[in-house]
Every structure is written in C-alpha cells, then in structure tokens.
Amino acid sequence: MNAQIRLRFAPSPTGNPHIGNVRTAIFAWLFARKRGGSFLIRVEDTDQSRRTEGAVEAMLDSLRWVGIDWDEGPDVGGPLAPYTQSERLDLYRSETRRLIDSGRAYPCFCSPERLADVRRAQQMRGDETIGYDRHCLDMTRAQQDACRARGVQPVVRFRMPDEGVSVMEDIVFGHLEFENRLYDDFVALKSDGFPTYHLASVVDDHHMGISHVTRAKEWMPSVPRHVQLYAALGWDMPAFAHLPVILAPDRSKLSKRHGAASVMDYRDMGVLPEALMNYLSLLGWSLDGKTEILTPEELIAAFDLDRVSRSDAVFDFDKLMWLNGQHLRRSSDTRLARAIDKFWKDAPPQFDVTPDARAAARIAPLVRNRLKTLQDAAPLVKFFFSEDLHVDAEQLVQRGMDAERTTALLQSAHDALAQLDTFDAESIESLLRPLAADLGVKVGQLLGSLRVATTAQKVSPPMFESLEALGPERTLESIRKAIAKLSSAAGSPK
RNA sequence: GGCCCGUUCGUCUAGCGGCCAAGGACACCGCCCUCUCAAGGCGGAGAUCACGGGUUCGAAUCCCGUACGGGCUACCA
C-alpha cells in the first residue's frame, strides 16, 4: 500500500445520500485505489442544528452498496480515530489556541444582530467587499473578560492577511489565485465550541495525513481561507482537486423533485451497483471519449483526477438505463441469476409461486437481453411462476388464422411435442420449424399461438427456450387447456 | 454589488496550434437480422466549437473583452 496517498470522503450527515455526494466519493475512492493508497471516511457533523437521525448509516450503506470500501472510518475505526468531527472538539480547540497565541486568530463577541447591521450598511453603501469589520480585533484582555463576564460566548475569527494573494494549483482547474484583501476574518470556531467547516477540514486533513483533497467545486471560493489556514498553522498543503457538479435535466441542482436522487432509489429500481458506479464515473470524467463500459476494476485502472472535466454535467437517466442494460448483459448467468434472486427477495413480484434461487437461475438466460433494469424481468416471466394461465382465446388466433385451424395447429404441436425424447430448446426447434412447414403455416403463426397458449403473454422470451424452461408437462398441459378454451369460445356467442 | 468558475451535437463527452469542413456514446430516424419483445449489425440526421476581437503561415485549442449560466459572499456544509 502506498502510505503517501490518502484520500477521504467527508459527508455531513444532513440528509439522504445524494447521487452527487456519491459521485464525489467514487472519484476519491477510484483515485486512492488506483494509486494503491488508503481511502477513509470522516463524518463532518459540526452543525448541530442540521444533524439528521440515521444519516451516517444511510450514507455508509449507500457507499457500501455501490461498491466502495474504506480502510478507516467511523464504523471501522482506524489509527487516527475518532473519524467523527463532533468527537474531535479538543483538537480543534487546541489548534485554535495556537492560532490565537500566534496572533492569527482572535475572539469576537459581536452579536448576530450587529453583524447583520454591518452587512446591511455595507450593502447600502455599495462597498466593494462585504464582511466582518474587525470590530473585536483590537480588544484588550480586560475588555474581553468583561464581555465574558456578561455571559457572551465568543466565536474565534481567523485573521486574513490584508494584502497579497493566495495561490493554488488545482489538479482539475489549474492555477487559482485570489486577493486576500477581499476576504474578511471568517469564523473558525463557533460560540458553541464547534469548528466551522474551514477549520475542521483543514485540521483533520492535516492530522489524518490526507494527500489529495477532492471536493465539490462550490468550495473554490474558500480556497484562500484554507491556504491561509495551512500557512498559519505551519502545515504543508495537500493537493486539491475541485470537482464539477451534477445537474438535473433543467440544469438546476439535482433534487428529489427530479425523481430518483438517492443511491438507494436506483438499487430499488433494479440498477446494478457497478452500472451506477460506471455511469457516475462518466459524469465529469472520461477515459478517452470512446470507452464507456467499465467494470469497477477497469475504472480503478483507468481513472485519474487530471482527466476530470471542469464543467458541470447533466444527469441523463436514459443513458444510465442503457449502461445498466450493458452491465446486465455482460454478467455471467450465475451473477445475473443471483442479482435477480436478490432483487425478488427484497421486492417480491406478484407471482402465484414464490420464486427461489433455482427458478431465478432458470429464467436468467431468457431475460438477459431484454432488461434495462432488474425490474423488467418479472413481467417477462410471469407465466413461469403462474399456476393458472388466463389465456385469451382471441389472442390465440394469429393473423390470417381462424379458431378451427388454430385448434388443429395446437393439437399437432401438442402431439409432436409429446413424442419428444429430449425436451430442450434445440430439439423443440428442430421439431417445430418443419412442423409449421408441413402444416402450411408460418413459423411465426405457430409460435405466436404457442406463445399465448403457454405464457398467456403477447410478449415473452423466445419460445423454444421458454418451453424448455417450462418442461414437457407444463407445456403440454397449457396447450391442452388452450385448445379447450378455443373450443368453448367458439361455442359461445361473442 | 464584489470575487470565483464554466460555455464543443438535445445530453455525456473526445479534442490539449496543423491529422477537425470536429470523433465516440445515449436518445431519435431508417435498414438488416428475427417466433413476439429485445439484443445485435449497418446507416442517417444532429455542433457556423456562446459571441466579438486579437496572436499565428495556421485556433475548437493561446490572449483579451462581452454575453449567458453557476457558485461563494452565514457562528451551513
């Protein structure tokens, strides 16, 4: 393992695991794995008011499902535990102390109201910069103590330089440069003793030995804050890669109202985890503009942060569906059977007979080319799990046929099929094709009637294979029932 | 308002000064294959590379400006 390479995914547990979050995690994970480094998860729960029950577990479940694993994290621990920021408050406090002692940070007792007033006044005046006015910067020790005595809990602000520029060479965006004077003294430690994102992420990334920071590009404007924080703390900066965002088709931020936005929605839809990972990896990254279908292993081998795109990408549901179909088709029979079995166990389809693993294995080869998602399997093979088919007599009669000829046709097929020694697709085919010719009907007419007779569906997997799956007994019985249905229908007025 | 980022077919993208009168993929259309539905194969339509100036023998590719879109400007991340 390459000890130098360490990446982290740092979700804040504020809601359901969003597709965009997971894409960010995938990029970090792919890069860490590609370079033989470590990947860890750190929970950024520094906003008490936004904590959501169960959000961490949901996040971890989503990551696990999509195929991501981690070497260190809140659930598995690790040498640098804890991996949850709310449990690392002492660390942030002591680093803040260092900042204050070196004159790079100071307590601020301003009330939210005063802050709002200052901002409002700046806006009215049309000031170039809007931000904190350093009201508390030069407070004496005595003044500070007086405030504390009044019960005012201060925040700690980081002192930004008045001049100079903060520079970063971003892996995906290249040279980034910001004027320090445009930035105000931001809050590093909140009055409740929790750090802000800026302080916490810098402190943790350093103490956790993070070599490459990957994060959404909306953090780019905060770069100078982080650059200055690293400098003030006397630390080297990790490499940074800001990532473009995933958008909804209307180019707004992706959310529930655009349909499935959480990873689990796709699982429930019957999307394969490797297909989701593949699709998400292609949003903002490409190998060569030609290769699109990649397994997780291939993604790891091919991925690199320097090929990440700079512009945002619109989520294309249709393409995900297509890609899922590709992965489904490339799965081995056993893999596909297991996926279908699992999917049906989690969400049992409306069948007479409860499908088991054997049955799933039986039908998997029949449906593989007909699936976009695992959901698509059930309607195609409903007949296989039915005890009583509801055959529509009218549908039995194919184009250019009538009830009488159809009856004869089915009877011939039945009798011929009954004579078969080996009831497999190949034998059935070499029996039925000549039979159609002998009977003077098209193969399509014969198979069409047989299809309705044995599946009660107008659309089904290929007949020969379907009959083999059904077996001789069920096949012959269905045909007999269909013939009976046909004669009774003929006897009754329409 | 200020700062920052982005802009190649409807969408995802290739392209990193000449190989591009722009390639691949999804979606769309047509044909072929075919027992239905698919899958697959072949082909088509679809981008004056946001716009305007430069630089250069030569620009989608470099520079400047404009427009449009987005982000940040919180004791949220």
Side-chain angles (χ1 to χ4, degrees), chain A residues 10-14 44-47 49-50 108 110-112 115-116 119 122-123 125-131 153-157 170 173 176-179 182-184 186-198 200-201 215-224 242 244-245 247 249 251-253 279 282-293 307 309-323 325-326 329 367-372 376 380 398 429 432-433 436 442-452 455 457-464 466:
Chain A
S12 48
T14 53
E44 309 217 319
D45 57 345
T46 57
D47 185 353
S49 63
R50 293 212 304 165
C108 164
C110 292
S111 68
L115 262 18
R119 249 191 308 269
Q122 289 167 335
Q123 250 144 12
R125 254 181 282 131
D127 284 7
E128 187 182 19
T129 62
I130 292 167
Q153 281 299 314
V155 301
V156 177
R157 288 184 181 273
D170 186 273
F173 285 88
L176 260 25
E177 194 172 307
F178 306 81
E179 278 195 79
L182 266 15
Y183 284 79
D184 71 348
F186 62 91
V187 174
L189 200 67
K190 300 185 252 185
S191 57
D192 62 2
F194 279 70
T196 59
Y197 167 84
H198 306 299
S201 67
R215 50 154 54 152
K217 76 170 198 204
E218 64 210 49
W219 286 110
M220 259 194 306
S222 292
V223 160
H242 286 93
V245 173
L247 303 176
R251 296 218 147 252
S252 69
K253 250 184 88 181
Y279 179 68
L282 259 19
L283 249 27
W285 173 83
S286 69
L287 208 196
D288 52 15
K290 292 187 167 51
T291 314
E292 301 205 283
I293 303 163
R307 280 195 64 84
S309 135
R310 278 177 286 276
S311 49
D312 298 339
V314 172
F315 190 89
D316 183 350
F317 186 80
D318 286 342
K319 186 146 186 178
L320 202 213
M321 289 299 109
W322 169 79
L323 197 54
Q326 292 297 322
R329 244 153 267 139
V367 296
R368 74 146 12 96
N369 282 354
R370 293 165 177 75
L371 306 182
K372 274 192 160 56
D376 299 337
L380 285 168
Q398 298 297 295
E429 176 164 14
L432 257 27
R433 283 195 189 278
K442 289 187 177 141
V443 175
Q445 293 174 313
L446 204 213
L447 297 180
S449 290
L450 274 178
R451 168 170 291 109
V452 176
T455 70
Q457 297 169 194
K458 277 181 288 190
V459 172
S460 83
M463 256 303 95
F464 309 129
S466 295

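- The distance from atom CD of A/Glu44 to atom OG1 of A/Thr196, rounded to the nearest 0.5 Å, is 10.5 Å.
- B/A60 and B/C16: their C1' atoms are spaced 11 Å apart (whole Å).
- Using a 4.5 Å heavy-atom cutoff, the side chains of A/Arg370 and A/Asp376 are not in contact.
- The ring pair (Phe, Tyr, Trp, His ring centres under 6.0 Å) check on A/Tyr183 picks up nothing, with sequence neighbours excluded.
- For the C1' atoms, the distance from B/U11 to B/C28 is 12 Å, rounded to whole Å.
- For A/Asp312, the salt bridge (charged side-chain N to carboxylate O under 4.0 Å, His left out) criterion is met by A/Lys217, not counting sequence neighbours.
- Of the nucleotides present, B/A50 is the one that pairs with B/U66 by Watson-Crick or G-U wobble criteria, both distances under 3.5 Å.
- Looking at residues two or more places apart in sequence or on another chain, you find no salt bridge (charged side-chain N to carboxylate O under 4.0 Å, His left out) involving A/Asp192.
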Set out, line by line, the N/O atom pairs under 3.5 Å between protein and nucleotides 40-42 of chain B.
unit_1	atom_1	unit_2	atom_2	d
B/G40	OP1	A/Gln326	NE2	2.9

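- Only the P atoms considered, B/U55 is 29 Å distant from B/G15, to the nearest whole Å.
- Both A/Phe178 and A/Gly448 sit near RNA chain B, but only A/Phe178 has its closest nucleotide nearer the 5' end.
- Atoms CZ (A/Arg310) and P (B/C5) sit 11 Å apart, rounded to a whole Å.
- Screening A/Arg215, A/Arg310, A/Glu218 for a side chain to side chain donor-acceptor pair (under 3.5 Å) involving A/His242 leaves a single residue, A/Arg215.
- Separating the P atom of B/U61 from that of B/U8 is a span of 13 Å, rounded to the nearest Å.
- Spacing between atom CZ of A/Arg368 and atom C1' of B/A39 amounts to 11 Å, rounded to whole angstrom units.
- With sequence neighbours excluded, no residue satisfies ring pair (Phe, Tyr, Trp, His ring centres under 6.0 Å) with A/Trp322.
- With sequence neighbours excluded, no residue forms a ring pair (Phe, Tyr, Trp, His ring centres under 6.0 Å) with A/Phe194.
- Between A/Phe317 atom CZ and B/C28 atom P there is a gap of 14 Å when expressed in whole angstrom units.
- Among the protein residues, A/Gly444 comes within range of the sugar-phosphate backbone only, with heavy atoms under 4.0 Å from sugar or phosphate atoms but none that close to a base.
- For A/Leu380 and B/A38, the CG to C1' distance is 8 Å, given to the nearest whole Å.
- A/Phe186 comes within contact range of no nucleotide atom at all, as no heavy-atom separation falls under 4.0 Å.
- The interatomic distance linking A/Ile293 (CD1) with B/U13 (P) rounds to 17 Å, in whole Å.
- Rounded to the nearest Å, the gap between the C1' atom of B/A22 and that of B/U48 is 12 Å.
- Between the C1' atoms of B/G23 and B/C9, the separation comes to 12 Å (whole Å).
- Taking atom C1' in both B/C29 and B/G65, one finds a spacing of 42 Å when rounded to whole Å.
- If you measure from atom CE of A/Met220 to atom C1' of B/C4, you get 7 Å, rounded to the nearest angstrom.
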* How would nucleotides 71-77 of chain B be written as a contact map, 5' to 3', with B for base contact, S for sugar-phosphate-only contact and - for no contact, using protein heavy atoms under 4.0 Å? -> BSSSBBB
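- Separating the NZ atom of A/Lys442 from the P atom of B/C35 is a distance of 12 Å, rounded to the nearest angstrom.
- Contacts of A/Glu179 classified as salt bridge (charged side-chain N to carboxylate O under 4.0 Å, His left out), with partners at least two apart in sequence or in another chain: A/Arg181.
- Atom NZ of A/Lys442 is surrounded by 12 or fewer heavy atoms from other residues, nucleotides or ligands within 6.0 Å.
- With sequence neighbours excluded, no residue forms a side chain to side chain donor-acceptor pair (under 3.5 Å) with A/Arg329.
- Considering only side-chain atoms of A/Arg370, the nucleotide from B/C26, B/U36, B/C5 that sits closest is B/U36.
- Applying the ring pair (Phe, Tyr, Trp, His ring centres under 6.0 Å) rule to A/Phe464 yields no partners; only residues at least two apart in sequence or on another chain are considered.
- Counting any heavy atom pair closer than 4.0 Å across all strands shown, A/Arg307 reaches sugar-phosphate atoms only and no base atom.
- Counting any heavy atom pair closer than 4.0 Å across all strands shown, A/Pro461 reaches a base atom.
- For A/Asp316, there are no salt bridge (charged side-chain N to carboxylate O under 4.0 Å, His left out) partners at least two apart in sequence or on another chain.
- Atom NZ in A/Lys290 sits about 14 Å away from atom P in B/A22, given to the nearest Å.
- When the nearest nucleotides of RNA chain B are assigned to A/Arg433 and A/Leu287 by heavy-atom distance, the more 5′-ward of the two goes with A/Leu287.
- B/G69 and B/G41 have their C1' atoms separated by 41 Å, with the value rounded to a whole Å.
- Applying the Watson-Crick and G-U wobble criteria (two distances, each under 3.5 Å), B/A25 pairs with B/U11.
- Across all strands shown, B/U61 forms no Watson-Crick or G-U wobble pair with both key distances under 3.5 Å.
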Atom pairs under 3.5 Å, N or O on each side, protein against nucleotides 10-12 of chain B: can you list them with distances?
unit_1	atom_1	unit_2	atom_2	d
B/C12	OP1	A/Arg251	NH2	3.4
B/C12	OP1	A/Val314	N	3.1
B/C12	O2'	A/Leu282	O	3.0

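- Pairing of B/G30, defined by two Watson-Crick or G-U wobble distances under 3.5 Å, is identified with B/C42.
- Atom-to-atom distance recorded for A/Trp219:CH2 and A/Tyr197:OH is 5.0 Å, nearest 0.5 angstrom.
- As the counterpart of B/C72, B/G2 is assigned, both hydrogen-bonding distances of the Watson-Crick or G-U wobble pattern falling under 3.5 Å.
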